[in-house]
Structures are given as structure tokens and as C-alpha cells.
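Here is how names work: the chains are called A, B, and so on, in the same order as the sequence lines, proteins then strands, and each is numbered from 1.
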Protein chains: 2
Amino acid sequence: MDTTRTGGLRERKKEQTRAALSWAALRLTVERGFDNVKVEDIATEAGVSPRTYNNYFSSKAEAIVWRHLNRARQAADVIRARPADEPLWDAVTAAVLAHAGSEHDEPDPEWTAGVRLMMTEPALLGEMHKAYAAANDACAEAIAERIGADPHDMYPRLVAGAVGVATQLASELWLTADPPVPLAALLRDALDELGGGLAR
Amino acid sequence: MDTTRTGGLRERKKEQTRAALSWAALRLTVERGFDNVKVEDIATEAGVSPRTYNNYFSSKAEAIVWRHLNRARQAADVIRARPADEPLWDAVTAAVLAHAGSEHDEPDPEWTAGVRLMMTEPALLGEMHKAYAAANDACAEAIAERIGADPHDMYPRLVAGAVGVATQLASELWLTADPPVPLAALLRDALDELGGGLAR
DNA sequence: ACGAATTCTTGCGTGCCGCGCACGTTTACG
DNA sequence: CGTAAACGTGCGCGGCACGCAAGAATTCGT
């Protein structure tokens with residue numbers, strides 16, 4: 001009876017409208033600019049009441065960033081999927097690189113537009129950083145599992161945080177690179193630098 | 001005629017009211033909680049019109065975090081003040097440690113309350129992360145100067161970002177440490193780990 | 001298979017916030 | 001000392017987040 005693996009029919013519908021909402025918010029904001037979009041527009045676009053919109057997201061920014069946050073969270077699963085005998089840093093590096101579109105660019109213009117929007121619009125910067133922080137926590141948990149540490153310890157969270165910084169920085173440089181540069185290369189550079197030690 | 005080094009009489013008055021505003025916002029929010037404080041209260045507390053408040057800060061969160069941001073910016077100057085022959089990482093480490101209350105704790109309860117508030121109240125998290133990002137940019141600029149690199153290069157910004165993560169993480173662990181631990185120790189641990197390389 | 005209970009959606013109303021506009025006052029400068 | 005620029009302030013508007021309660025849809029027990 002279940003079309004997907006998650007049983008609840010109701011939950012699937014919820015996630016579906018939530019995704020539609022976030023998608024509509026992103027699309028409209030890219031088209032018109034952040035403050036030329038009213039909540040009513042987003043709700044209408046997704047076929048829902050404006051009031052319902054606020055049952056899913058408590059701010060415009062939250063709706064827009066949600067997709068990006070979801071994607072960032074998956075990085076934790078990719079880390080978990082790495083072979084257990086791999087050294088931690090190699091596993092993390094490989095996971096991040098694999099998660100960010102292996103080696104050749106498939107820019108996915110819709111997604112890059114989203115990233116560029118987040119970094120451009122000041123009203124979204126805060127929410128973006130919150131999303132990165134949440135993703136870092138998820139990664140820290142995965143890393144802690146892997147090395148058998150407490151998720152509240154310093155080391156796993158430090159590693160996760162450093163990876164987050166590298167990702168953010170690589171993304172930003174990638175967006176503003178005048179001769180386009182593959183994202184994977186930037187990521188690898190940043191991660192290698194962190195892995196090798198900043199004191200040199 | 002000038003009581004301080006910055007000449008403009010007008011500018012000093014501006015910075016003064018801005019500081020008063022930020023201080024009032026912080027104090028009231030610590031006392032009553034974030035959404036039990038109205039802008040009118042903050043403005044009244046600082047002896048200014050509510051309308052004027054919005055000429056200085058465009059949101060409650062911005063006002064509260066402003067002091068913290070200002071303090072974080074100073075870290076860049078501390079880095080610049082380090083002897084030029086010192087290796088980069090040592091200079092950065094020393095600067096951060098010196099900037100965060102050398103070795104023995106002078107908790108400054110007013111300030112710790114502010115930090116705890118920022119990390120507790122979800123409505124402030126976004127603005128806090130934005131502040132850290134701005135501070136990172138300032139530090140990256142100082143670092144770039146020191147090593148004679150372009151501020152837009154990857155390396156200085158990576159170093160600054162890593163330091164920012166270490167600072168954030170150390171602060172958080174410090175606030176939630178059941179047997180109190182000196183902040184400097186946590187900072188040193190995090191920075192050493194980053195300096196020595198995360199691949200081990 | 002059918003009715004009850006839980007959950008979701010929606011309309012309405014409220015309080016607050018950010019900001020544009022215009023005017024009076026204060027400050028800087030020649 | 002007079003002119004011009006910058007600042008503070010009152011007024012008002014559009015929008016947003018959310019509490020509340022009623023209606024609709026879905027799940028579950030039997």
C-alpha cells in the first residue's frame with residue numbers, strides 16, 4: 001500500500017506540501033527578490049492557505065533555506081556509509097567530496113541560484129548560518145559514532161565545524177570565481193589544508 | 001577639544017547612543033526574555049524615540065548582538081599587534097588567547113549572560129552566526145595583511161574560519177561545563193588540534 | 001466496515017515590527 | 001554668523017508571526 005518506504009500516508013503528504021512550500025518560496029524569491037514576495041504568494045503558489053504556511057515554517061527565510069538544510073543533513077549519512085576501516089579524516093573528506101557532485105560539474109542551475117541567493121540576500125544570511133550549524137551538529141553526531149566518542153565532546157564537533165567552514169568557503173569562492181573552477185577542487189584544497197594542519 | 005581620539009563630536013554622540021541602545025537591549029532581554037521586551041522599552045531605556053532606535057538597528061537581534069560583534073572585531077587588531085617575526089599560527093593562537101581573558105577567569109557576569117543568551121534564544125542564533133561571520137572576515141583581512149596575501153584568497157579566510165569555529169565551540173563548551181573549566185584551556189585545546197592537523 | 005478520536009487546515013483577529021515620509025532641531029563648515 | 005547637511009522624532013502603513021476555535025480529512029479500534 002505504501003508507495004515509498006515511510007509508512008504514514010499523512011506524513012508523506014505533509015512532507016510533500018512542506019517541500020512544495022519551500023520550493024515555491026525559493027523560486028519566487030529568486031525571480032522577484034526577497035521582499036517583493038509576500039507570504040500569501042508563496043502559500044498560493046503551493047496551493048495552501050497563508051495560515052497553513054506558518055504551520056510549516058515560522059519565517060520566510062526558514063522556508064527558503066529548508067531545502068539546503070535538508071541536503072546538508074544528508075552529509076552525515078554519507079559519512080556513516082564510509083567503510084569502517086578508513087581513517088576518519090579520509091572518510092570525511094571522501095564523503096564531502098562525494099556529496100558535492102563527485103568530480104565533473106553538473107551545476108544544477110536551480111540549486112546554484114538558491115545558494116547564490118542565500119549568500120547575497122542579507123535577510124537570509126542568518127538563517128543560512130543557522131542551517132550550517134544544524135548540519136554541523138548532525139555531522140558531529142555521525143563522526144562521534146564513528147570514533148566512539150560522546151557527541152558533546154570537543155573533537156568530533158571541531159572536525160564537523162572545520163568541515164563546515166571549508167564547505168562554506170569553497171562554495172562562496174566557487175560562486176564568485178571569475179574563470180569558473182570546479183567546486184570539488186576548491187573543497188579538496190580546503191580540506192587538505194585543514195587535515196595537514198594550519199601551523200606550517 | 002576632543003575627549004577621545006576620534007574627532008567628530010557628532011560621531012561620538014552617535015556611538016554613545018548606539019552603545020546605550022545595545023546595552024539596554026541586552027539587559028532587558030536577559031531580565032525578561034526575548035519576546036517580553038518591546039522595542040519601545042529598549043528605546044525608552046536608552047532615552048531615545050522608538051523611531052530613532054530603528055535608525056541604528058534594523059532588528060532587536062541586531063541591537064543585542066552588536067556589542068559582541070564589536071568585541072569580536074577587535075580580535076583582528078590584536079592579531080595585527082603581534083610581533084611580525086612570529087609564525088602565523090602562533091600569532092593567531094596567542095592573539096585569541098590574549099583577547100579572551102588571558103589565563104585566569106574574570107567571568108564578567110554581564111558578558112557571559114549575553115553569550116548564554118545568544119546561544120539559548122533561537123531568535124538570536126541567526127544574528128549571532130552573522131556576527132561571527134563578520135568577525136571572521138575582519139580576522140581574515142588581518143591575516144592576509146600579515147602574510148601578504150589577497151583578502152579574497154582561500155588560505156587566510158580558512159584560517160580565520162577555523163579560528164572562529166574554535167572560538168564558538170570553546171565558548172559553548174565553557175558555558176555548559178558542569179565542573180567549570182577555564183575558557184583559555186578549551187580554546188588552547190581546540191586551536192592546538194587545528195594547528196596540528198585534523199588528519200591523525 | 002463503520003464510527004470515534006486524533007490531526008491538519010483554515011479564517012479571523014491581534015500585537016509588534018521595520019520603514020518611508022516630512023518637519024523641527026542640532027551640528028559642522030566657510 | 002549664516003548656510004547646508006545630518007540627525008531625532010511623530011505619524012502612519014504594510015506585512016508578518018501566532019493564538020484561537022471551528023470545520024474537514026485521516027487514522028485507528030473493534
Side-chain angles (χ1 to χ4, degrees), chain A residues 1-22 24-26 28-29 32-66 121-127 130, chain B residues 1-22 24-26 28-29 32-66 121-127 130:
Chain A
M1 194 65 88
D2 54 321
T3 56
T4 70
R5 48 188 168 283
T6 49
L9 182 152
R10 206 181 189 96
E11 287 183 28
R12 283 195 294 115
K13 200 118 180 102
K14 271 191 68 125
E15 288 309 306
Q16 184 176 332
T17 56
R18 160 173 279 121
L21 234 22
S22 175
L26 175 60
L28 290 178
T29 305
R32 310 183 196 169
F34 183 74
D35 25 60
N36 293 334
V37 173
K38 288 178 292 191
V39 192
E40 187 184 347
D41 303 333
I42 303 175
T44 302
E45 179 85 7
V48 204
S49 162
R51 183 61 186 82
T52 301
Y53 164 88
N54 270 349
N55 287 355
Y56 285 89
F57 301 107
S58 57
S59 92
K60 259 196 294 182
E62 192 179 333
I64 295 174
V65 174
W66 180 80
E121 187 66 51
L124 292 179
L125 274 178
E127 201 68 27
K130 267 173 66 177
Chain B
M1 192 67 86
D2 54 322
T3 56
T4 70
R5 50 189 168 284
T6 49
L9 182 153
R10 206 179 188 96
E11 288 182 26
R12 284 195 292 113
K13 200 123 180 92
K14 273 190 62 126
E15 288 309 308
Q16 185 176 331
T17 56
R18 160 171 279 121
L21 234 21
S22 176
L26 175 60
L28 289 178
T29 305
R32 309 183 196 169
F34 183 73
D35 24 58
N36 294 333
V37 173
K38 287 178 292 191
V39 193
E40 187 184 348
D41 303 334
I42 303 175
T44 302
E45 179 84 9
V48 201
S49 160
R51 181 62 186 83
T52 301
Y53 163 87
N54 271 348
N55 288 355
Y56 286 88
F57 300 107
S58 57
S59 90
K60 261 194 295 182
E62 193 179 332
I64 296 174
V65 173
W66 180 81
E121 187 67 49
L124 293 178
L125 274 178
E127 201 67 27
K130 268 173 66 177

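- Taking side-chain N and O atoms only, B:S49 has a distance below 4.0 Å to OP1 or OP2 of D:dG10.
- Nucleic acid contact for A:F57: none, since no nucleic acid atom lies under 4.0 Å from a heavy atom of the residue.
- Closest approach to the A:V48 side chain among D:dC18, D:dA17, C:dT10 is made by C:dT10 (side chain taken as heavy atoms from C-beta onward).
- Between the P atom of D:dA17 and the CZ atom of B:F34 lies a distance of 13 Å, rounded to the nearest Å.
- A sub-4.0 Å separation between OP1 or OP2 of C:dT27 and a side-chain N or O of B:K13 is absent.
- For the pair A:N54 CG and C:dC12 P, the interatomic distance rounds to 16 Å; values are reported in whole Å.
- Residue side chain A:R51 reaches the base of D:dG19 through a donor-acceptor N/O pair under 3.5 Å, judged by distance alone.
- Between A:R32 and A:D41 a salt bridge is recorded (basic side-chain N to carboxylate O distance below 4.0 Å).
- Under a 3.5 Å cut-off, the side chain of B:K130 and the backbone N or O of B:E62 do not form any donor-acceptor pair.
- At the phosphate of D:dT9, OP1 or OP2 sits under 4.0 Å from a side-chain N or O atom of B:T52.
- The distance from atom CD of B:E11 to atom P of C:dC29 is 10 Å, rounded to the nearest whole Å.
- Taking only side-chain nitrogens and oxygens, A:Y56 never comes nearer than 4.0 Å to OP1 or OP2 of C:dC8.
- In this structure, the CZ atom of B:R18 is 10 Å from the P atom of D:dC7, given to the nearest Å.
- Counting non-hydrogen atoms under 4.0 angstrom, B:N55 reaches a base of the nucleic acid.
- Remark: A:T17 OG1 to A:N55 CG distance equals 10.0 Å, nearest 0.5 Å.
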Please report the C-alpha distance between B:I42 and B:Y53 in whole Å, then the side-chain angles of each, then the deciding distance to 0.1 Å, and finally whether the side-chain contact (heavy atoms from CB on, under 4.5 Å) criterion is met.
CA-CA 8 Å; B:I42 303 175; B:Y53 163 87; 4.2 Å; yes
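- Side-chain N/O atoms of A:K14 include one lying less than 4.0 angstrom from OP1 or OP2 on C:dC8.
- The distance between atom CD of B:E127 and atom C1' of C:dC17, rounded to the nearest whole Å, is 15 Å.
- As a whole-Å value, the separation of A:D35 CG from D:dG15 C1' is 11 Å.
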Run the numbers on B:F57 and B:R18 for side-chain contact (heavy atoms from CB on, under 4.5 Å), then give the verdict.
CA-CA 8 Å; B:F57 300 107; B:R18 160 171 279 121; 3.7 Å; yes
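- The nearest whole Å value for the distance from the CD atom in A:Q16 to the P atom in C:dT9 is 12 Å.
- A straight line from CD of B:E40 to C1' of C:dG15 spans 12 Å, rounded to a whole angstrom.
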